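Before any comments, here is the structure.
Not measured: the values here are computed from a predicted model.
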Amino acid sequence: MKEQKVQYKEPSHSLEEIGAASAAPAPMVERAFRLLDLLSVSEEGLTLSDLARALSMSKGSIHGLLKTLENGGAIEQAGDRRYVLGPRIYDLAQVYVQRAGLRHFAVPAMRRLAARVTETVFLGKIEQHGVRIIESIVGESERPALRISAPRGTRVHLLAGATGRLVLASWPAAQREAFLRGHPLPRFTEHSITDAGQFLATVEEVARTGISIDREEYLVGVNAVAAPIYGSGGTLVALLWIVGFASSFTDEIMSQAAQQLRAEAEAVSRSLGAR
């Protein structure tokens, strides 16, 4: 008898599939990237005239492009009216490095957790409307059992159980309260917390302990425990969580798993530059 896998996803909504339509090239965008490439290899920066010649553009046309990039923080003016790369570029580069490093350090941690707990471990990035699963590892055991799985790209509701509380725990208290005033708490299951005051109290506890536990609040018969992953500057980079059926992933096992999960999440965070 083989292990059977059950899909982990939003209970009432299927994953949105967005087809990418073909589009004509955007010359100004291409020139913007060429401009950034030129600045990336220039130690002292380049003047408006230098860039106009290099890009075969009039000074009037390139002036508008420069102002747009400057307003967005992608470039800035140094001495002698020379343009150099701006702070936004370095911020984006840092995000890219963290994302590449995230998988590098998180996947081995996920494998260790999956082997110890023999449940499914997920890694997710926070988006505006939810948490997007970017990696998952299904734990294996000697005895055949049901396991929970989800493909990369699956979106979990922003306010879902364990992960939802971690997201809000990273916000200031005033922001949490304001958000819940405009976004009523969904009732995913009969165990879901739908009272804002009670939910905020659990979020405060999560902010204090760094661990979030979901007892069948998001999916019927499914428990979960989650922990945050931070990057440099204490920025919340991702979420790491373990999911299992309530029949086997009991309170006692979740409590043990929580300690292991916290240790692995903290180790990944340190590797990403968190202090």
Side-chain angles (χ1 to χ4, degrees), residues 15-107 123-135 151-156 158 167 170-172 174-175 178-179 182-183 229-239 269 271-275:
L15 180 64
E16 295 178 3
E17 297 181 355
I18 302 174
S22 59
M28 194 56 70
V29 175
E30 292 178 359
R31 287 171 180 166
F33 276 106
R34 287 176 58 199
L35 186 152
L36 294 173
D37 284 340
L38 289 169
L39 294 181
S40 71
V41 295
S42 174
E43 294 183 5
E44 298 179 354
L46 298 170
T47 65
L48 183 150
S49 297
D50 294 333
L51 291 166
R53 283 194 297 272
L55 297 173
S56 301
M57 295 176 65
S58 68
K59 290 184 179 181
S61 297
I62 201 170
H63 183 265
L65 177 59
L66 290 170
K67 290 303 295 183
T68 300
L69 292 172
E70 189 174 10
N71 289 339
I75 65 173
E76 61 185 9
Q77 286 195 57
D80 301 326
R81 295 187 177 182
R82 290 180 176 272
Y83 290 92
V84 296
L85 293 179
R88 183 72 181 277
I89 294 297
Y90 294 100
D91 289 343
L92 292 173
Q94 181 64 25
V95 169
Y96 175 79
V97 170
Q98 284 189 348
R99 179 170 293 183
L102 174 62
R103 280 191 171 90
H104 176 75
F105 294 113
V107 169
L123 177 68
K125 296 283 290 183
I126 301 164
E127 299 180 349
Q128 183 178 0
H129 300 296
V131 176
R132 188 75 65 179
I133 294 174
I134 59 174
E135 292 289 352
R152 292 178 186 173
T154 299
R155 189 185 70 189
V156 180
L158 185 65
V167 173
S170 69
W171 300 353
Q175 184 180 353
F179 181 80
H183 300 80
I229 293 176
Y230 296 102
S232 59
T235 304
L236 183 62
V237 173
L239 303 180
S269 296
S271 298
L272 294 175
R275 294 292 179 265

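Using modelled atom types and a 3.5 Å distance limit, the side chains of Asp50 and Thr47 yield a donor-acceptor pair.
Remark: the backbone N or O of Leu39 is not paired with any side-chain donor or acceptor of Ser42 at under 3.5 angstrom. Put simply, the side chain of Arg132 gets close to the backbone of Gly153: a donor and an acceptor are under 3.5 Å apart. Side chain of Lys125 to backbone of Val237: a donor-acceptor contact under 3.5 angstrom is found.
The nearest pair of heavy atoms linking Gly45 to Val84 is CA-CG1, 3.7 Å. Between Ile62 and Ala52, the closest heavy-atom pair is CD1-N, 3.7 Å. Here the shortest heavy-atom pairing between Leu102 and Ala238 reads CD2-CB, 3.8 Å. Closest heavy-atom contact between Leu55 and Arg31: CD1-O, 4.1 Å. Residues Ala274 and Tyr230 share a closest heavy-atom pair of CB-O, 3.7 Å. Closest heavy-atom contact between Ala74 and Leu36: O-CD2, 4.2 Å.
Within 6.0 Å of CG on Asp80 lie no more than 12 heavy atoms contributed by other residues, nucleotides or ligands.
Here the side chains of Arg103 and Ile134 are in contact, with some heavy-atom distance below 4.5 Å. Side-chain contact between Arg82 and Gln77 is absent, with no heavy atoms from C-beta onward closer than 4.5 Å.
Rounded to the nearest 0.5 Å, atoms NE2 (His183) and NE2 (His129) are 8.0 Å apart. The distance from atom NZ of Lys59 to atom CG of Leu66, rounded to the nearest 0.5 Å, is 12.0 Å.
Residues that satisfy the ring-ring contact (aromatic ring centres under 6.0 Å, His included) test with His63, not counting sequence neighbours, are absent from this structure.
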Applying side chain to side chain contact (heavy atoms under 4.5 Å, CB included), run through Glu70 and Ile75 and close with a yes or a no.
-> CA-CA 5 Å; Glu70 189 174 10; Ile75 65 173; 4.1 Å; yes

Side chain to side chain contact (heavy atoms under 4.5 Å, CB included) assessment of Val167 paired with Phe179 = CA-CA 12 Å; Val167 173; Phe179 181 80; over 6 Å; no

Please step through side chain to side chain contact (heavy atoms under 4.5 Å, CB included) for the pair Leu46 and Leu35, ending with a clear verdict.
-> CA-CA 10 Å; Leu46 298 170; Leu35 186 152; over 6 Å; no

